[in-house]
Amino acid sequence: MKPDIEAIFLDVGNTLRIVVEDPEFSQAAKQQLLELMDVKEDPDLFFEKLETRWKAHRKRCKQTLIEASERELWSVHLLPDYPAERIEPLAGKLTRLWRDKDGRRVPRSDVKDTIIELDRRGYKLGIIANTITETEIPDWMETDQVTDYFKTVILSSKVALRKPNPEIYWLAAREIGVEPAKCAYVGDNPVRDVEGTHAAGYGMMILINEPATLAKEPPTGEFKPDFTIDKISDLLVIFPPKE
């Protein structure tokens with residue numbers, strides 16, 4: 001028997017949106033980052049240094065389940081050799097360029113229609129996302145005109161908590177006004193998303209089958225989702241209209 005779900009929280013990266021390779025777009029982002037920082041050293045060495053620091057930072061974040069703000073990310077972890085007073089005002093732009101160097105992030109084709117329909121069916125919708133940026137997700141929501149459908153948006157970069165810490169799930173449930181047992185979560189990570197959802201006592205976990213994520217973090221078998229879907233619109237099969 002399925003629990004009485006009232007709220008559905010969704011991940012964004014590789015769940016609602018995917019990365020599309022675009023070499024020209026990526027190279028332009030790297031060039032803009034170099035120009036923004038007025039980098040004098042060899043560009044390849046500069047990005048190699050950033051990648052090394054980035055990997056060390058991400059390892060710390062995954063161990064502590066604490067996310068840095070954009071300002072801390074750049075002034076403390078990625079570019080500590082630059083004056084903080086120069087770095088911090090540029091942190092938001094630097095973060096967007098750092099992410100853009102990996103490619104374009106575009107919503108899956110069925111995302112908007114599914115969001116609108118789930119809202120019409122009477123579910124409260126929210127977002128819980130591990131992300132280093134504070135503006136990218138809100139900007140996408142505004143551009144695609146889905147902002148008003150989400151009652152709560154919890155970003156790790158703003159609340160300093162990371163999945164699978166159950167605290168971030170509990171925070172989202174409190175903000176949307178629904179007890180965890182009546183919340184569902186939709187994500188792409190077969191370990192982190194499933195583990196966090198279960199630890200928080202959510203009523204349901206739905207995993208979207210995303211090859212890019214599975215290649216990096218294959219399931220361990222320890223935690224299992226309640227449902228696995230291939231596309232976002234499959235949620236409409238799981239969540240019928242509320243009476």
So, [X] and [Y], do they make that salt bridge, N to O below 4.0 Å?
{"X": "K158", "Y": "E134", "value": "no"}
{"X": "R174", "Y": "E179", "value": "no"}
{"X": "R99", "Y": "E136", "value": "yes"}
{"X": "E210", "Y": "K216", "value": "no"}
{"X": "D188", "Y": "R17", "value": "no"}
{"X": "R121", "Y": "E117", "value": "yes"}
{"X": "K151", "Y": "E175", "value": "no"}

Holding to salt bridge (charged side-chain N to carboxylate O under 4.0 Å, His left out), I want the full list of residues that pass it with [X], two or more places apart in sequence or in another chain.
{"X": "D4", "answer": "K242"}
{"X": "D22", "answer": "R104"}
{"X": "E72", "answer": "none"}

If only atom types and distance count, is the side chain of [X] paired as donor or acceptor with the main-chain N or O of [Y] below 3.5 Å?
{"X": "K112", "Y": "D144", "answer": "yes"}
{"X": "H198", "Y": "P225", "answer": "no"}
{"X": "D110", "Y": "I232", "answer": "yes"}
{"X": "S75", "Y": "E88", "answer": "no"}
{"X": "W170", "Y": "A200", "answer": "yes"}
{"X": "T147", "Y": "E142", "answer": "yes"}
{"X": "R162", "Y": "L65", "answer": "no"}
{"X": "N189", "Y": "V191", "answer": "yes"}

### Task
Report the relative orientation of the aromatic rings in Y82 and F46; use parallel for angles under 30°, tilted for 30 to 60°, perpendicular for over 60°.
perpendicular
Which pair of heavy atoms, one from [X] and one from [Y], lies closest together, and at what distance?
{"X": "S156", "Y": "T131", "answer": "OG-N, 2.8 Å"}
{"X": "K163", "Y": "I128", "answer": "NZ-O, 3.9 Å"}
{"X": "S233", "Y": "T114", "answer": "CA-OG1, 3.3 Å"}
{"X": "C61", "Y": "E67", "answer": "SG-OE2, 3.9 Å"}
{"X": "I5", "Y": "A181", "answer": "CD1-O, 4.3 Å"}

### Query
Would one find more than 12 heavy atoms of other residues, nucleotides or ligands at under 6.0 Å from atom CG of D42?
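Buried by this count: over 12 neighbours within 6.0 Å.
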### Message
Regarding R96 and T135, do their side chains bring together a donor and an acceptor under 3.5 Å, going by distance alone?
### Response
yes
#### Entry: Pair Q27-Q31, side-chain donor/acceptor within less than 3.5 Å
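No - no donor-acceptor pair under 3.5 Å links their side chains.
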### Task
Answer yes or no for K30 and F47: cation-pi contact, defined as NZ/CZ to six-membered ring centre under 6.0 Å and angle to ring axis within 45°.
yes
### Query
Can you name the one residue among F9, F227, Y169 that meets ring pair (Phe, Tyr, Trp, His ring centres under 6.0 Å) with Y185?
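Filter result, single survivor: Y169.
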